[in-house]
Amino acid sequence: MNGTKPTGDCPRVRDGAFFQGPMNLLHILQQRFQTALAGLVDDPTPYVAMIKPAQDARFGDYQANCAMALGKALGKKPRDIAQDLVQRLPLDDVLDPPEIAGPGFINLRFRSDWLAKQVQELGRDPRLGVESPKTPRTFVIDFSSPNVAKPMHVGHLRSTIIGDALARLLRFQGHKVITDNHLGDWGTQFGILLYGYKNFLDEAALKADPVREMLRIYVHVRQLMSVRDDEDAEDAVNPVAEACRQETAKLHAGDAENVRLWQMMMPWCQAEIDTVYKRLDIHFDHTHGESFYNPQLPSVVADLEKRGIARNSEGAVVIFLKEGEPPALVRKRDGAFTYTTTDLATIRYRAETWQPQTVLYVVDFRQGLHFKNLFEIARRWGYQDVALEHVSFGSVLGNDRKPIKTREGGAIELSELLDEGVREAARRYELTRKERQERGEDVPALAAEELTQIYEAVGLGAVKYADLSQNRDSDYIFSWDKMLATEGNTATYMQYAYVRTRGIFRKGDEDVEPLRARPPLPSLESPHERALAIQLLRFPEALEAAATDYRPHVITGYLWDLAKTYSGFFQNCPVLKAESPALRQSRLLLCDLTARIIQKSLDLLGIRTVERM
RNA sequence: GCACCUGUAGCUCAACUGGAUAGAGCAAUGGCCUACGAAGCCAUAGGUUGCAGGUUCGAAUCCUGCCAGGUGUACCA
C-alpha cells in the first residue's frame with residue numbers, strides 16, 4: 001500500500017496516464033469487507049472469501065456468508081455480527097443498504113446509478129474491465145506434445161485445445177506465457193519410420209508428396225507389427241517390431257545414416273502437424289522436443305547420482321520414492337534413458353532459461369502418477385520454488401462409452417476429424433438455411449467465400465467449445481449432434497448470439513466507434529438492463545475463476561449466463577425502437593458490450609466469430 | 001493389493017470449492033413471429049445427488065466404510 005495514492009478505487013496506469021477504469025465487482029466488495037472485518041478479527045482473509053454472487057435475485061447481487069462462521073469464532077449470535085459488519089461497511093455510493101436474512105446472510109445490492117457509471121467506463125475500456133496483475137507471473141505451458149512420426153489423432157485434441165485456451169487466458173490477464181510443444185520426436189515411432197523407409201520406400205511417391213509417403217510407410221509397418229505370424233507365437237517377438245527397436249537404438253547411439261534420415265524426415269513431420277495447428281489457429285513460442293534434451297540426459301543422471309537422489313539398482317539407475325512403491329527409472333539396464341530423465345532435463349532447462357513461477361503440463365489423466373513422481377523428484381533435486389502442475393483431463397469417448405476409435409479400431413486422425421466437423425457444420429447450416437427461407441425469413445445472401453469462412457468457424461468452433469465447456473476432469477462423449485446443436489450451451493449458439501447483436505447495428509445503421517470513444521451513461525431502469533449490466537461487469541471475475549484452477553469451462557459457463565441474460569434484455573427492451581434517442585444509445589452500448597465480451601471470450605477459447613451467418 | 005479419477009432429472013452436463021428451495025440443454029407437454037435475425041424466447045413436468053454412517057447452524061461438496069465404472073502401478077512415452 002502506498003499512502004500517497006487512494007486505495008479505494010485503484011487507479012491504473014495505462015498508456016502513461018492514470019486511467020480510472022471499471023473494477024471487478026467482487027474485488028470491490030472484498031475490499032469493503034476487508035475494512036469492516038479489520039476491527040473484528042486478526043485475519044479477515046478467509047471471511048472475505050465468503051462473499052459470493054447471490055444464487056437468487058431476491059437475495060441481491062452478491063451475498064456475504066461470513067457472519068455464521070464468525071459467530072462460531074467469536075461466540076456471538078451470527079445475526080448480531082452481521083448487523084455489526086453492515087454498520088462498519090464503508091457504504092458511500094456503491095451499495096444500497098444491505099439486508100440481513102436467515103441465519104445471518106448479508107445480502108448486497110449495488111446501487112444502479114453506480115453500476116451505470118461502471119458500465120460507461122467498461123464501454124471505453126479495451127480490456128473490458130480486466131485489470132493487469134500487480135505482479136505478473138511467468139507461466140510455461142506444456143501442451144499438445146504429439147509424437148511426430150505419425151499423424152496427430154483425436155488423443156491430442158484435448159491437450160491441444162485446453163492448453164491453447166489456458167495460454168490465451170493467462171496472457172490476456174497480463175501474465176507472461178511461454179508455450180512449449182514438447183514433441184515426441186525421438187522415440188520408438190521413429191524406429192518404425194526408419195525401418196519402413198529402408199524397406200518399403202516408394203521413391204516416386206516420396207518425391208511427389210513426402211508427408212503422404214511417410215504416412216503410408218508408417219501405417220504399413222504398423223500393420224506388419226500387429227499381424228501375428230501364427231497362433232502359437234503369442235509371446236514370440238515380432239521380427240518387424242524387433243527390427244524397429246534396433247533402428248531406434250541405432251538412432252540414439254548416433255548412427256550416421258539414421259541420424260541423417262531423421263534430420264531429413266523431421267521437417268516433413270513438422271509440416272504435417274503444422275497444417276493442423278494452422279487450421280486450429282494454435283501457435284507455440286518454442287518447440288523443444290525430446291531430441292532437444294537428448295544431449296543433456298547423461299548430465300542429469302550424473303547429477304542425480306552425485307546428490308544421492310538416484311542410485312543403482314539391478315543394473316538400472318533409479319530413484320526410490322516411497323516405501324513399497326516401485327521406484328522411478330532414470331536409466332535403464334541397457335543404458336537407455338527414460339521419459340522421466342527427459343522430463344527432468346526439461347524442468348531444469350525451463351527453470352534456468354525462463355525462471356517461471358509455474359509450469360503447467362496439460363496432459364491426460366493417465367499420466368497422473370508419472371507427474372506426481374516427477375514433481376517429487378524435481379523438488380528433491382532443488383526445484384522447490386517453481387510450481388509444477390499437472391492440468392489433467394479425461395478421455396474422449398465414443399457412443400459406446402469407450403475411448404473413441406475408427407470403425408476399424410484405429411485412432412481417428414485429427415485432420416480428418418476437423419474436416420468432418422466442417423463438413424457437418426456446412427450440411428446442417430444449409431439445412432437450416434433452407435428451412436428458414438421456406439418460412440419466409442430474411443436470410444442474408446452470402447457469397448461462397450463468406451460461407452466457407454462460416455463453415456470453418458462453426459465446425460472448428462463446435463469441436464473446441466464442446467471440449468472446453470466440459471469440466472476437464474471427466475471423460476466426455478464425442479457427438480456431432482451435441483456439439484453442433486444450435487440450442488443450448490454450444491459454440492454455434494454463442495456465435496449466433498454474437499451475429500444477432502451485430503445485426504442490430506447493421507439494421508440501425510449504427511457505428512460502434514462513437515459508442516466506444518464516448519460511451520453514454522446507460523439507463524438501467526429495467527431489471528433486464530440491470531441484470532445485463534451486472535453480467536457484463538462480471539467478465540473479469542469469470543476469467544479469474546477460470547484461471548485459478550485452469551478450468552476453461554468456467555468461461556463457457558459465464559458465456560452461457562451472459563447469453564441468457566442478454567436474451568431477456570433483447571426480448572423485453574427494444575433497442576432501435578427505444579422510446580428516446582438517449583435510451584437507444586444506452587441500449588446500443590449494452591449490445592455492443594455484450595458482443596465484445598462474447599467475442600473476447602470466444603477468442604480466449606480459440607474460437608472465431610463471424611459477422612453474419 | 002495399492003493409488004488417482006468418475007458416479008447428480010430418461011439422456012448430456014452445471015452447481016463459482018461448505019450456503020438459502022440442487023440448476024441448464026436435449027427429449028416430453030403447452031404457448032410466442034404486423035418490435036431490432038424464431039439457429040430465438042416463455043411456461044409446465046421431471047431429483048432419496050451410487051449406498052450407509054459421521055463432522056455442524058448448514059453437506060452434492062469435507063471425513064470414514066462400502067458398491068459400480070474407468071485408469072495407472074520397474075526398464076513404452
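Keep in mind the model is a prediction, meaning the values are calculated, not measured. Throughout, a chain's letter reflects where its sequence line sits, starting with A, and its residues are numbered from 1.
Partner of A/K464 under the side-chain contact (heavy atoms from CB on, under 4.5 Å) criterion, chosen from A/L605, A/I607, A/T160: A/I607.
With centres under 5.5 Å and a plane angle under 30° as the test, the ring of A/Y493 is not stacked against the base of B/A39. We find that the ring of A/Y496 and the base of B/G37 do not stack by the test of centres under 5.5 angstrom and planes tilted less than 30°.
Distances from the side chain of A/T338 to the nucleotides B/A74, B/A77, B/G19 place B/A77 closest. The side chain of A/K507 lies closest to B/C36, out of B/C36, B/A74, B/A39. For A/S313, whose side chain is taken as the heavy atoms from C-beta onward, the closest listed nucleotide among B/G40, B/A74, B/A14 is B/A74. Each of B/A15, B/U71, B/C57 was ranked by its minimum atom distance to the side chain of A/F365; first place goes to B/U71. Comparing B/U71, B/G40, B/G37 by their nearest atom to the side chain of A/R366 picks out B/U71. Minimum atom distance to the side chain of A/P574 is reached by B/A35, of the listed B/A35, B/G72, B/A39. The side chain of A/V318 has B/A74 as its nearest neighbour among B/A20, B/C76, B/A74. Taking the side chain of A/P326 as heavy atoms from C-beta on, and the options B/A35, B/A74, B/C26, the nearest nucleotide is B/A74. For A/R436, the side-chain atoms get nearest to B/G37 when compared with the rest of B/C76, B/G37, B/G70. Here B/A77 is the nucleotide among B/C36, B/A77, B/G19 with the atom lying nearest to any side-chain atom of A/E290.
Between the side chains of A/T609 and A/Q599, at least one donor N or O lies within less than 3.5 Å of an accepting N or O.
One C1' atom belongs to B/A14, the other to B/A9, and the distance between them is 13 Å to the nearest Å. Straight-line distance between the C1' atoms of B/A59 and B/G54: roughly 11 Å, to the nearest whole Å. B/U34 and B/U29 have their C1' atoms separated by 29 Å, with the value rounded to a whole Å. For the C1' atom pair drawn from B/G10 and B/G53, the interatomic distance equals 30 Å after rounding to whole Å. If you take atom P in B/U6 and the same atom in B/C16, they sit 14 Å apart, rounded to whole Å. Rounded to whole Å, the separation between the C1' atoms of B/G69 and B/A24 comes to 25 Å. Taking atom C1' on both B/U8 and B/G46, the two are 14 Å apart, rounded to the nearest angstrom. Rounded to whole Å, the C1' atom of B/C66 lies 48 Å from the corresponding atom of B/A39.
For the pair A/A316 and A/R551, both in contact range of RNA chain B, the more 5′-proximal nearest nucleotide belongs to A/R551. Residue whose closest nucleotide on RNA chain B sits further toward the 5' end, between A/A578 and A/T486: A/A578.
When rounded to the nearest whole Å, the span between NZ of A/K482 and C1' of B/G25 equals 9 Å. The distance between atom CG of A/D473 and atom P of B/C13, rounded to the nearest whole Å, is 13 Å. Separating the CD1 atom of A/I477 from the P atom of B/U6 is a distance of 16 Å, rounded to the nearest angstrom. B/A39 atom C1' lies 15 Å from atom CD of A/E438, rounded to whole Å. Note: CG (A/D475) to C1' (B/C5) measures 8 Å, nearest angstrom. Atom P of nucleotide B/C2 and atom CD of A/E325 are separated by 13 Å, given to the nearest angstrom. Here B/C76 presents its C1' atom at 14 Å from CD of A/E242, a figure rounded to the nearest Å. Regarding A/D56, its CG atom lies at a distance of 16 Å from the C1' atom of B/C16, rounded to whole Å.
Side chain A/D561 to base B/A14: no donor-acceptor pair is found below 3.5 Å. No hydrogens or angles were tested; on distance alone, a donor-acceptor pair under 3.5 Å links the side chain of A/E314 to the base of B/A74. With hydrogens and angles ignored, a donor-acceptor pair under 3.5 angstrom links the side chain of A/R58 to the base of B/U21. Judged by distance alone, with hydrogens and angles left aside, A/Q495 brings no side-chain donor or acceptor close enough to the base of B/A39 to form a pair under 3.5 Å.
Considering only side-chain N and O atoms, A/K52 lies under 4.0 angstrom from the phosphate OP1 or OP2 of B/G19. Side-chain N/O atoms of A/S567 include one lying less than 4.0 angstrom from OP1 or OP2 on B/C41. Phosphate proximity of B/A15 to A/H553: present, with a side-chain N or O under 4.0 Å from OP1 or OP2. Between A/R500 and B/C41, a side-chain N or O to OP1/OP2 separation shorter than 4.0 Å is absent.
A pairwise comparison of heavy atoms in A/F337 and A/V330 identifies CD2-O, 3.5 Å as the closest pair. What you find for A/F365 and A/S395 is that their closest heavy atoms are CE2-OG, 3.5 Å. Nearest heavy-atom pair across A/R551 and A/N471 is NH1-OD1, 2.9 Å.
Here A/C573 lies in heavy-atom contact (under 4.0 Å) with a base. Here A/R428 lies out of heavy-atom contact (under 4.0 Å) with every strand.
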Practice item. Could you go through the side-chain hydrogen bond (donor to acceptor under 3.5 Å, both in side chains) check for A/N572 and A/H528 one step at a time? Key: CA-CA 7 Å; A/N572 294 285; A/H528 297 102; 3.2 Å; yes
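Under the 6.0 Å distance and 45° angle rule, A/R500 counts as a cation-pi partner of A/F570.
Ring planes of A/W262 and A/W186: perpendicular class, angle over 60° (limits at 30 and 60°).
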